[in-house]
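First the structure, in the form of structure tokens, and then the observations on it.
Counting begins at 1 with the first residue of the sequence. Quick note: numbers below take in every heavy atom, side chains included, and nothing from hydrogens, waters or symmetry partners.
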Amino acid sequence: MIVERSMNDDFVSNTYVVADEPGGHAVMIDAGGPVEPLLEFLTRGPFELTHILLTHHHHDHVSEVDKVLERHPGTPV
């Protein structure tokens, strides 16, 4: 299992990617941002993003969901 976390300078963000082996599947847990480093991580893996899991609807957990869906349209949220 591989875990990658992204940090935001303005607030404590809660954004993670959990993946299996390179070339495998990944899920994003929350999307509070910044998501760009995690999107790059998914590309480098490469990993297939299968789901975006939101733990709750606070800003620091959901503010960049649209950015993720722009790059991974149709991913279940």
Side-chain angles (χ1 to χ4, degrees):
M1 175 173 50
I2 303 165
V3 177
E4 185 75 12
R5 182 174 185 193
S6 183
M7 301 296 292
N8 185 311
D9 292 336
D10 297 326
F11 55 84
V12 177
S13 65
N14 299 284
T15 304
Y16 301 83
V17 167
V18 179
D20 52 20
E21 61 192 39
H25 299 102
V27 297
M28 184 172 288
I29 301 170
D30 292 326
V35 295
E36 190 58 40
L38 295 176
L39 295 172
E40 291 172 9
F41 171 79
L42 290 169
T43 299
R44 281 192 321 268
F47 299 103
E48 177 189 351
L49 184 63
T50 62
H51 293 83
I52 302 166
L53 308 174
L54 302 178
T55 59
H56 61 285
H57 196 69
H58 288 163
H59 181 75
D60 61 329
H61 293 261
V62 302
S63 63
E64 295 194 6
V65 171
D66 290 341
K67 290 182 182 180
V68 179
L69 292 173
E70 285 174 14
R71 295 269 290 275
H72 297 273
T75 301
V77 178

Consider side chain to side chain contact (heavy atoms under 4.5 Å, CB included). Of Val35, Leu54, Val65, which one does Met28 pass it with?
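Between Met28 and the candidates, side chain to side chain contact (heavy atoms under 4.5 Å, CB included) is satisfied uniquely by Val35.
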
Separation between [atom1] of [X] and [atom2] of [Y], rounded to the nearest 0.5 Å:
{"X": "Leu49", "Y": "Leu42", "atom1": "CG", "atom2": "CG", "value": "5.5 Å"}
{"X": "Leu69", "Y": "Ile52", "atom1": "CG", "atom2": "CD1", "value": "4.0 Å"}
{"X": "Lys67", "Y": "Leu38", "atom1": "NZ", "atom2": "CG", "value": "12.0 Å"}

Taking all non-hydrogen atoms of both residues, which atom of [X] and which atom of [Y] are closest, and how far apart?
{"X": "His61", "Y": "Asp30", "result": "ND1-OD2, 2.5 Å"}
{"X": "Ser63", "Y": "Gly33", "result": "OG-N, 4.5 Å"}
{"X": "Thr50", "Y": "Pro76", "result": "O-CD, 3.3 Å"}
{"X": "Asp20", "Y": "His25", "result": "OD1-N, 2.8 Å"}
{"X": "Thr15", "Y": "Gly32", "result": "OG1-N, 2.7 Å"}
{"X": "Phe47", "Y": "Ala26", "result": "CB-CB, 3.8 Å"}

Whether Arg71 and Glu36 form a salt bridge (side-chain N of Lys/Arg under 4.0 Å from carboxylate O of Asp/Glu) is what I want to check.
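Salt bridge: yes.
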
Using a 6.0 Å cut-off, check whether atom NE2 of His57 has over 12 heavy atoms from anything other than its own residue.
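Counting neighbours around NE2 of His57, 12 or fewer heavy atoms of other residues, nucleotides or ligands fall under 6.0 Å, so no.
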
